[in-house]
Structure formats: C-alpha cells, structure tokens
Amino acid sequence: MKRVARRSVLPGFRLTLGFTLFYLCLIVLLPLLTLPARTATMGWSAMWATIGDPRVVASYKLSVGAALAAAAINALFGLVVAWVLARYQFPGKRVVDAFIDLPFALPTAVAGITLTTLYAPNGWLGAPLERMGIKVAFTPLGITIALVFIGLPFVVRTLQPVIEDLDVEIEEAATSLGATRGQVLTRIILPYLYPAWLTGFALAFARAVGEYGSVVFISGNMPMRTEISPLLIITKLEQYDYAGATAIAVVMLLISFSLLLTVNALQGWSSRKLAQ
Amino acid sequence: MAHVQTGRTRDPKKGLTEPTAIRWLLTATALGFLFLFLAVPLIAVFTEAFRLGWQGYLSAVTEPDAMAALRLTLTAAIIAVPANLIFGVAAAWAIGKFQFRGKQLLITLIDLPFAVSPVISGMVFVLLFGRQGYLGPWLTDHDIRIVFAVPGIVLATIFVSFPFVAREIIPVMEATGSQEEEAARVLGAGGFQTFLRVTLPNIKWGLLYGVILCNARAMGEFGAVSVVSGHIRGLTNTLPLHVEILYNEYQFQAAFAVASLLAFLALVTLVLKTVVEYRTKQVNVDVGN
C-alpha cells in the first residue's frame with residue numbers, strides 16, 4: 001500500500017490539499033489562535049486571578065461534576081440499550097434504533113426549553129417528583145438530566161457496532177466448554193467491550209462539559225450554585241471582559257483536548273484489541 | 001457517526017443468550033429509559049406547541065419576527081452547507097487518494113470544531129472581529145460589521161458544522177482506494193470527468209449523509225450563534241435564538257410553536273438519515289456478495 005515515492009496519475013492533489021489547508025486555517029485555526037494570543041498578552045497573575053475566582057471555580061466544579069454524572073448514567077443505560085438493539089428482536093426495533101440519534105438532530109435550545117417545561121415544579125415529570133420532595137429544574141440534578149439527553153447517543157453508537165461484530169463462535173466455544181452465561185458475559189464479552197465503552201463515556205463527557213443550549217434554560221443560572229462555565233464565558237463577553245472570558249475558555253479547552261487525546265489513545269487500544 | 005452495520009440476525013440459541021426473564025428485563029429497561037429521555041420530550045414539544053390550538057400556532061409561526069428568523073436560519077444554512085460540502089470533497093480527495101506527511105494530524109485538525117464548546121466557537125469570532133477584537137478597529141474604520149450582524153452568524157455556523165461532510169466521506173474515499181480512478185485516467189478520462197463518473201457514484205451516500213448532518217447542525221446551532229448574534233429581533237435572530245427570546249418573554253406557546261418547526265426538521269433529518277443508512281447497507285451487501 002505504500003505509494004509514497006510513486007507519483008500518482010490522479011490530478012488535483014495540490015489544488016485540493018491547498019484548498020483544504022486554506023479553508024481549515026481561515027475558518028478554524030486562525031479564529032482558534034486568538035485564544036492563546038489573548039492569553040499570552042494577559043500575564044499569569046491576571047489569568048490566575050480569573051481562574052481562581054470562587055465563582056469560576058464553582059462553575060468548573062459544576063460543569064465537570066454534572067458532565068461526569070451524566071456520562072456515567074449514559075454509560076450504564078447506553079450499554080443496556082446497545083446490547084438490546086444489537087442482540088434482541090422486538091417489534092418497532094428499527095424505529096427505536098433511528099430515534100437514538102434524536103439528541104444529535106434536535107437543536108439544543110428546543111431540548112432546553114422542553115426539558116425545563118417537563119421538569120418544572122408544575123410539569124409532567126416535575127410535579128410528581130416535586131411531591132416526592134425531589135426538585136429537578138433549576139438544580140444541578142436538572143443540569144445532569146439535560147446532559148444525559150444530549151450525551152445519550154454517544155455510548156450507544158460507539159458500543160452497538162462492536163457488540164454486533166462480536167464473534168458468536170467464541171461464546172459458543174466457551175459455552176460448550178461448560179461456561180455459564182454469566183461467566184461468558186463477565187470474562188469474555190465485557191472485557192472485549194471496555195475500550196469502546198470508555199470511548200463512548202469520554203465522548204459523552206466531552207460533549208457535556210462544553211454544552212450550553214440545552215442546559216442554560218433548566219439550570220436557573222444562580223452564581224455559585226447552578227451557573228455553568230460556558231454561561232460564565234458569555235457573561236464576561238457581555239461585560240467586554242475579553243481577557244476573563246479567554247481565561248475561562250482556555251481551561252475548558254485544555255479539559256476537552258486532554259479528553260480528545262484520551263479518546264484517540266483508547267481507540268488505538270480498541271483497534272489493537274480487536275486485531276488480536 | 002457513520003458505522004456500517006453487518007445485518008446479521010442470529011437465532012437466540014440456548015446458552016448463547018440470556019434467560020428469557022433477563023431479556024425481558026433488559027429490553028424493558030432500555031425502552032423505558034429511551035421513552036423517558038427521548039419520546040416524552042418529543043411529545044411535549046408538539047403538545048405545548050398546540051396548547052392554544054391551530055390559530056395560536058399559525059399566528060406564532062407566521063409572525064414577522066419568526067419569518068425573519070426562519071429566513072436568516074435558511075440563509076446561514078444555504079451558505080454554510082455548500083461551503084463545507086466543497087471543503088469536505090476537497091479534503092477527502094486529498095486525504096483519500098494521496099499519501100503525504102502529516103495526514104493524521106490534518107484529520108485530527110478537521111475534527112477540532114467538535115472538541116470546542118459551542119460558546120467558545122462563537123467567542124473566537126468576537127475576539128477576532130468584535131469591537132475590542134484584533135480586527136475590530138480596522139472594521140470600524142471601514143464601517144464593516146461582522147459580529148452582531150449576519151456575517152458573524154454565517155461564520156459561526158460554518159465553524160460548528162465544519163467537520164460533518166469531510167468526516168463522512170474521508171473514510172469512504174480511503175476505503176475505495178484509487179484504482180478505479182487510475183484506470184479511468186489511463187483510459188483517457190479527464191480529471192473532472194473521472195471524479196464525476198467514477199468517484200461521485202462511490203461516495204454519494206456518504207456525501208448525502210454528511211450533508212444531512214451538516215444541515216441539521218447548521219440550522220439548529222444555538223450556543224455559537226448566540227454569542228455572535230447580539231439578538232436583534234428581525235435582524236440577527238435565527239430560529240433557535242427566536243425560541244429563546246420568546247421563552248424568556250414567557251410566551252411559552254409561541255416559543256414551542258417555533259420550536260416545533262425545529263423539532264420537525266429533526267424528525268425529517270432522522271428519517272433521511274435512516275434511509276441513507278439503509279441504502280449504504282444495501283450497497284455494502286451487494287458488494288459483499
């Protein structure tokens with residue numbers, strides 16, 4: 001497959017690569033470079049003053065904490081959903097399968113106002129929960145629910161193809177050698193699924209950390225309590241505090257990028273494992 | 001998230017699947033979870049939208065500000081989707097058909113907008129073009145408005161929907177290789193002719209899939225657009241922003257009426273996506289046999 005030295009007979013390499021790089025730089029890289037540029041002119045002490053502000057720290061804790069909780073819920077239920085869709089037959093399965101991607105297709109603002117209305121103290125789901133003494137809307141729990149919604153497809157869609165590709169013969173061999181179904185599940189199937197499972201978890205988490213539209217309505221936005229980091233960025237921008245907004249954003253980007261690297265490493269691990 | 005599914009159905013043989021009770025329990029858990037988190041919100045959107053009947057619904061969606069928001073949303077998508085489509089095809093051609101150093105890095109960079117919070121995606125354009133941004137003074141001198149105007153909204157939309165087409169067709173182009181195109185060239189076809197007659201039929205479903213996802217994101221984006229819009233009614237309001245304004249003004253029924261248009265768009269997206277996935281599977285089965 002190595003054709004590095006040979007010149008291809010196909011045309012357009014310079015043109016398409018040139019256009020790709022130009023467009024990438026213009027639309028993505030150049031705008032993103034404004035972040036490190038702003039940070040560099042700002043100085044460490046100013047940067048620390050912004051990031052160390054208790055209100056900002058509280059927003060990081062909330063954004064990361066709620067995103068972790070939502071990703072964990074999605075990891076658990078996503079595994080069940082992926083397993084059921086990949087292995088079992090039931091009427092309406094294709095429709096259910098198509099609906100998994102609803103959170104990708106539904107604009108986040110629509111999800112936001114709908115979940116808020118549902119979980120408000122007088123809403124369809126909020127009213128019964130309120131009677132049980134559970135407040136959802138305008139609390140961290142509400143934020144978590146919104147993040148479960150938008151992260152739902154990630155775990156299902158990363159696990160589903162892996163489960164479908166599982167080799168039944170290995171399970172057959174284990175069963176014929178006397179393994180119980182429980183042993184097959186815990187010793188063979190789950191270890192095989194771990195990398196994809198973790199990838200799905202990391203993707204759901206990464207999406208949830210930076211999420212804005214679906215959260216901003218249900219969160220209530222009380223400083224120190226239900227104010228997420230992306231909202232704080234917007235607040236700073238509206239006050240023309242570009243430096244402050246940049247400082248908060250840079251920390252969030254560092255979190256996302258370290259996750260992206262983790263996901264890449266996981267996918268490498270996953271494909272090596274599958275190749276075995 | 002394209003994945004080619006192998007359409008294997010298996011007989012639930014004894015010992016190779018869970019006991020019936022557990023199968024029922026798992027299926028009920030999965031369906032219950034999906035019902036609560038996906039079906040209930042979707043039903044709620046349409047119920048709330050029609051709370052005041054057809055009259056209220058129609059007046060909410062045909063009101064001038066709503067129509068202006070719809071026009072702006074369509075404008076942004078009509079510019080963003082073709083721009084990202086051309087980019088996607090160019091990037092996939094370069095990456096899929098040629099070998100060069102730094103290819104993996106390029107693929108990672110193309111995915112970058114997915115790793116960035118929507119709010120940060122909008123913010124970088126404010127840092128560039130805003131009043132106190134890097135190009136702000138120059139733009140003010142020349143009386144050009146980008147942020148808090150339509151160009152900013154278009155730029156933010158292009159940014160957030162940037163990777164969709166490229167990431168769908170790069171794997172397809174890589175998988176099909178370049179032998180067919182090379183054969184066409186050797187037999188005397190021109191470059192563009194080769195692309196049109198040989199490459200395009202191979203990538204058309206992936207391309208369509210990418211365009212559908214790209215369009216859904218372009219029309220539905222909220223966070224990034226919200227930062228650059230300035231929320232001027234009738235001028236820089238897209239449909240999702242209009243939903244927010246109505247909701248914050250306690251016009252809940254109108255907010256849900258406009259939201260239902262976007263929910264309908266989401267349903268159309270899901271249907272098209274499923275059809276394209278089904279077609280892709282068919283093609284793969286045909287090739288496989």
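Quick note on labels: first sequence line is chain A, next is B, and so on, each numbered from 1. Quantities reported herein were computed from a predicted structural model and do not represent experimental measurements.
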| request: Specify the closest pair of heavy atoms between F13(A) and A94(B), including all atoms of both residues, with the distance to one decimal. | output: CE1-O, 4.2 Å
| Interchain contact, F100(B) with chain A, by part (heavy-atom threshold 4.5 Å) | side chain
| said: Working to the nearest 0.5 angstrom, can you tell me the gap between F90(A) CZ and W24(B) CH2? | reply: 11.0 Å
| task | Taking all heavy atoms of V28(A) and all of P113(B), pick out the closest pair and write down the distance. | result | CG2-CG, 3.8 Å
| said: Any non-hydrogen side-chain atom of F222(B) less than 4.5 Å from a side-chain atom of V110(A)? | reply: no
| field | Contact origin within L17(A) toward chain B - heavy atom pairs under 4.5 Å | value | both
| field | Heavy-atom contact with chain B under 4.5 Å, split by part of V216(A) | value | side chain
| If you count heavy-atom pairs under 4.5 Å with chain B, which of A179(A), A245(A), G112(A), G78(A) comes out on top? | A245(A)
| task | Sort N215(B) into side chain, backbone, both or neither according to what part of it lies under 4.5 angstrom from a heavy atom of chain A. | result | neither
| field | Interface residue of largest heavy-atom contact number with chain B, from G210(A), G182(A), S229(A), under 4.5 Å | value | G210(A)
| message | According to side chain to side chain contact (heavy atoms under 4.5 Å, CB included), who are the partners of R131(B), at least two apart in sequence or on a separate chain? | response | Y240(A)
| Atom pair NZ/CZ of K273(B) and F104(A) - distance to nearest 0.5 Å | 8.0 Å
| When you look at CD of E169(A), are more than 12 heavy atoms from neighbouring residues, nucleotides or ligands closer to it than 6.0 Å? | no
| query | Can you tell me how far the CG atom of L118(A) sits from the CD atom of E48(B), to the nearest 0.5 Å? | reply | 8.0 Å
| field | Beyond-backbone contact of L31(B) with V84(A), side-chain heavy atoms, under 4.5 angstrom | value | no
| query | Checking heavy atoms, do the side chain of A249(A), its backbone, both or neither come under 4.5 Å from chain B? | reply | both
| task | Would you confirm whether the ring centroid of F37(B) sits within less than 6.0 angstrom of the ring centroid of F77(A)? | result | no
| Donor-acceptor contact below 3.5 Å, side chain W124(A) vs main chain P41(B) | no
| task | Apply the test side chain to side chain contact (heavy atoms under 4.5 Å, CB included) to residues F19(A) and I86(B): give CA-CA distance (whole Å), side-chain angles for both, the deciding distance (0.1 Å), then the verdict. | result | CA-CA 10 Å; F19(A) 176 72; I86(B) 293 169; 3.9 Å; yes
| message | Report which part of F114(B) has an atom under 4.5 Å of a heavy atom belonging to chain A: side chain, backbone, both, or neither. | response | neither
| query | Which region of Y88(A), side chain (C-beta onward) or backbone (N, CA, C, O), has a non-hydrogen atom less than 4.5 Å from a non-hydrogen atom of chain B, or is it both or neither? | reply | side chain
| query | Minimum heavy-atom separation for A44(B) to T114(A), with atom names? | reply | CB-CG2, 3.8 Å
| note | Applying a strict 4.5 Å limit to non-hydrogen atoms, the region of I145(A) in contact with chain B is both
| field | L246(B) side, atom CG; I113(A) side, atom CD1 - distance, nearest 0.5 Å | value | 8.5 Å
| task | Counting only heavy atoms closer than 4.5 Å, note whether R207(A) contacts chain B via side chain, backbone, both or neither. | result | neither
| said: Measuring from atom CG of D101(A) to atom CD of E277(B), what distance do you get when rounded to the nearest 0.5 angstrom? | reply: 6.5 Å
| query | Taking all non-hydrogen atoms of both residues, which atom of P11(A) and which atom of F98(B) are closest, and how far apart? | reply | O-CZ, 3.7 Å
| task | Given side chain to side chain contact (heavy atoms under 4.5 Å, CB included), test V119(B) with L237(A) step by step and report yes or no. | result | CA-CA 10 Å; V119(B) 168; L237(A) 282 178; 5.6 Å; no
| Any side-chain heavy atom of W93(B) sitting closer than 4.5 Å to one from T20(A)? | no
| field | Option in L115(A), T246(A), V209(A), L259(A) with maximal non-hydrogen atom pairs under 4.5 Å from chain B | value | T246(A)
| Sub-4.5 Å side-chain heavy-atom contact between V126(B) and Y242(A) | yes
| request: Using a 4.5 Å cut-off on heavy atoms from C-beta on, say whether the side chain of F87(B) contacts that of I27(A). | output: no
| With a 4.5 Å limit on heavy-atom distance, are the side chains of P240(B) and T108(A) in contact? | no
| Greatest number of heavy atom pairs closer than 4.5 Å to chain A - which of G88(B), A91(B), A216(B) | A91(B)
| said: Using side-chain heavy atoms (C-beta onward) and a distance below 4.5 Å, is F257(A) in contact with L112(B)? | reply: yes
| field | Interface residue of largest heavy-atom contact number with chain B, from G12(A), S214(A), P31(A), S256(A), under 4.5 Å | value | P31(A)
| said: With rounding to the nearest 0.5 angstrom, report the CG to CZ distance, L267(B) to F99(A). | reply: 5.5 Å
| remark: Heavy atoms of A263(B) and L106(A) approach each other most closely as CA-CD1, 3.6 Å
| Quick one: what part of L125(A) sits under 4.5 Å from any heavy atom of chain B, side chain, backbone, both or neither? | side chain
| So do L21(A) and L106(B) actually touch side chain to side chain, heavy atoms under 4.5 Å? | yes
| field | Top of I248(A), I100(A), L185(A), L231(A) for chain B proximity - count of heavy-atom pairs under 4.5 angstrom | value | I100(A)
| Shortest non-hydrogen contact between R38(A) and Q132(B), atoms and distance | NH2-O, 2.7 Å
| message | Which one wins on heavy-atom pair count under 4.5 Å against chain B: A111(A), G213(A), G123(A)? | response | G213(A)
